[in-house]
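Worksheet for the structure shown next.
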Protein chains: 2
Amino acid sequence: MARPRQHAPEALHAQVMAACDAWLRENPVHTLSLRSLARDVGCAPSTLLKLYGSFSNLLQYVNIETLDRMGAAVSWLEDAEPTPQLKALAMAYWQFAQHEPHRWQMLFEYPLADEGELDERQTHIIDALFLRVESALKAYQPALDDVAAKRMARTLWGSVHGLVQLGLNDRLGYWQGQPMEAGDLLDQLLTMTLNGLRYLPDPS
Amino acid sequence: MARPRQHAPEALHAQVMAACDAWLRENPVHTLSLRSLARDVGCAPSTLLKLYGSFSNLLQYVNIETLDRMGAAVSWLEDAEPTPQLKALAMAYWQFAQHEPHRWQMLFEYPLADEGELDERQTHIIDALFLRVESALKAYQPALDDVAAKRMARTLWGSVHGLVQLGLNDRLGYWQGQPMEAGDLLDQLLTMTLNGLRYLPDPS
DNA sequence: GGCGTGCTGTCGCGGTCGAGCCATAAAATC
DNA sequence: GATTTTATGGCTCGACCGCGACAGCACGCC
């Protein structure tokens, strides 16, 4: 067999990422296994372990890719009006979660890496997301100072996040047989928040 | 060996719940193993599998106990004023999550049971929680009709839930080295929501 | 005898460890 | 300086452990 020993590690990494991507299009995270992945890319399971340190770490790289995609899915609505921008941001978040549910769930419902570096990269990308929310908030209500905007962004985005998660898991309850639409609730949240922000900016 | 065959199943169940409880006081969910549990209660692993159907199902029973505790932690603040009642509810939620972080995370971040019945019991208990929020909302703003209150309760509690989760995982970011306090953000969310509700009830 | 209850044995899983291999760096020889 | 020999280090693998899960066997109660 022309089994190429001494792979270039990056090539293997790319293969692994591609295999994960293909799998996650159809199947949830917990069905992903190190061994099946190794079979897909044609190497021994322990090879991947050596490469990534642990299976969780491997998954964290997938998460980083997910975060990049999320950033991309959100970046094209760069320069809209402030008010719809926040709603559009929330809707883009929700649609991304709906469009790639397995990757989204993996991002937030899976044990974190044991390496600190990866966690930092994640945190950094997430901070960038928050920054967009902050700037949109300040554009909408210029009276907000930095710290208030930062807090408000966290509050708002934490809320959006909660609704998206409960919506993905169909945990928002039902009304007359119909599941509560996360999109509607998100719109309500944003409307309410923006109204409250317009007329009663909390001075704290 | 005086190994008592033919256990009473309920006794075994109680032992298992107690063992899980003891374990979860100190250790996170993913360190819980069927085999170690079986060792603790003195039976073979497969015995627990037969009893519960799957390990996930066993964990779902723990989740139900958690939900009961959460209901209890919330029930004693039955008859306060409407406004602080909602804040107190959110704070009780947050404090419960802080006080039993492993149980809380297990409740929301773990794969669900494969039996429908358990999921229904969970959904039922959660609905009861929502109902408290709804009634508090209607007490605060009597102009809300049923469906509006139901939606608002979902929106609000989904938001609270998101903040609590991000707060538990320290994912709310930092400000001048200090982590964002979920309690503060929750207070901000409630204040903002209640203000918006007081002056601008969305008629949808 | 029938039935339910509990156990043993086995599978694939994630993870660890030590051995083997090969490409290149370093050293030795001419 | 060029060529051969040796040493080093990273990549890969196979064997093994404890895990959750399943199938099949053994026993005790009615």
Side-chain angles (χ1 to χ4, degrees), chain A residues 1-17 19-20 23-24 26-63 102 105-106 109-116 118, chain B residues 1-17 19-20 23-24 26-63 102 106 109-115 118:
Chain A
M1 285 196 273
R3 180 85 51 83
R5 305 183 146 272
Q6 296 293 97
H7 267 176
E10 322 85 44
L12 187 54
H13 174 68
Q15 282 186 52
V16 171
M17 289 297 106
C20 287
W23 186 259
L24 289 175
E26 302 290 338
N27 312 94
V29 209
H30 67 270
T31 66
L32 237 180
S33 91
L34 179 82
R35 291 178 127 86
S36 66
L37 261 172
R39 277 191 291 270
D40 282 1
V41 302
C43 71
S46 54
T47 300
L48 298 181
L49 268 303
K50 281 279 181 183
L51 182 57
Y52 290 101
S54 74
F55 189 50
S56 305
N57 266 342
L58 188 158
L59 297 182
Q60 292 307 312
Y61 280 97
V62 181
N63 279 346
H102 302 134
Q105 276 175 305
M106 180 174 162
E109 301 182 10
Y110 228 70
L112 295 136
D114 24 70
E115 289 184 12
L118 279 181
Chain B
M1 283 193 273
R3 182 83 50 85
R5 303 180 148 274
Q6 298 295 94
H7 267 175
E10 322 85 44
L12 187 54
H13 174 69
Q15 282 185 52
V16 170
M17 289 298 107
C20 287
W23 188 259
L24 289 175
E26 302 290 338
N27 311 95
V29 210
H30 66 270
T31 65
L32 237 181
S33 91
L34 179 81
R35 290 174 126 91
S36 66
L37 261 171
R39 277 192 291 268
D40 282 0
V41 302
C43 71
S46 57
T47 301
L48 298 181
L49 268 301
K50 284 273 182 184
L51 182 58
Y52 290 100
S54 74
F55 188 51
S56 303
N57 266 342
L58 188 157
L59 297 183
Q60 293 307 312
Y61 279 96
V62 181
N63 279 346
H102 302 134
M106 180 174 162
E109 302 182 9
Y110 228 71
L112 295 136
D114 25 71
E115 286 184 16
L118 279 182

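Below, chains carry the letters A, B, ... as their sequence lines are ordered, and counting in each starts from 1.
Listed here is the closest heavy atom pair of B/L49 and B/F55: CD1-N, 3.9 Å. Summarising the geometry of B/A38 relative to B/A44, their closest heavy-atom pair is CB-C, 3.9 Å, with the distance given to 0.1 Å. Scanning all heavy atoms of the two residues, the minimum distance from A/V41 to A/A19 falls at CG1-CB, 4.3 Å. The shortest non-hydrogen separation linking A/H102 to A/P28 is CD2-CA, 3.5 Å. In terms of heavy atoms, B/V62 sits closest to B/M106 at CB-CE, 3.5 Å.
Side-chain contact between A/L37 and A/W23 is absent, with no heavy-atom pair separated by less than 4.5 Å.
Closest to the side chain of B/S33, from the set D/dC19, D/dA21, C/dG15, is D/dC19. Considering only the side chain of B/C43, C/dC7 comes nearest among C/dC7, C/dG14, D/dC13.
Per the geometry, CZ belonging to A/R35 stands 12 Å off C1' belonging to D/dC13, to the nearest Å. Residue A/L49 contributes atom CG, which lies 12 Å from atom C1' of D/dT12 at whole-angstrom precision. One atom, NZ of A/K50, and another, P of D/dC11, lie 10 Å apart when rounded to the nearest Å. What separates CG of B/L48 from C1' of D/dC22 is a distance of 15 Å, to the nearest Å. Atom CZ of B/F55 is separated from atom C1' of D/dG18 by 13 Å (rounded to the nearest Å). When the P atom of C/dG14 is taken as reference, atom CG of A/L32 falls 9 Å away, rounded to whole Å. Following rounding to the nearest Å, B/Y52 (OH) and C/dT5 (C1') show an atom-to-atom distance of 15 Å. The nearest whole Å value for the distance from the NE2 atom in A/H30 to the P atom in C/dG14 is 13 Å.
Across all strands, B/S46 comes closer than 4.0 Å to base atoms (heavy-atom distances).
Ring geometry for A/H13 versus A/Y61: interplanar angle over 60°, hence perpendicular rather than tilted (30 to 60°).
Within the helix from C/dG1-D/dC30 to C/dC30-D/dG1, the inter-axis angle between the opening and closing five-pair segments is 30°, rounded to 10°.
You won't find any donor-acceptor pair under 3.5 Å spanning the side chain of B/T47 and the base of C/dT5, going by distance alone.
For the OP1/OP2 pair of C/dC13 and a distance below 4.0 Å, the side-chain nitrogens and oxygens of A/R39 include at least one atom meeting the criterion.
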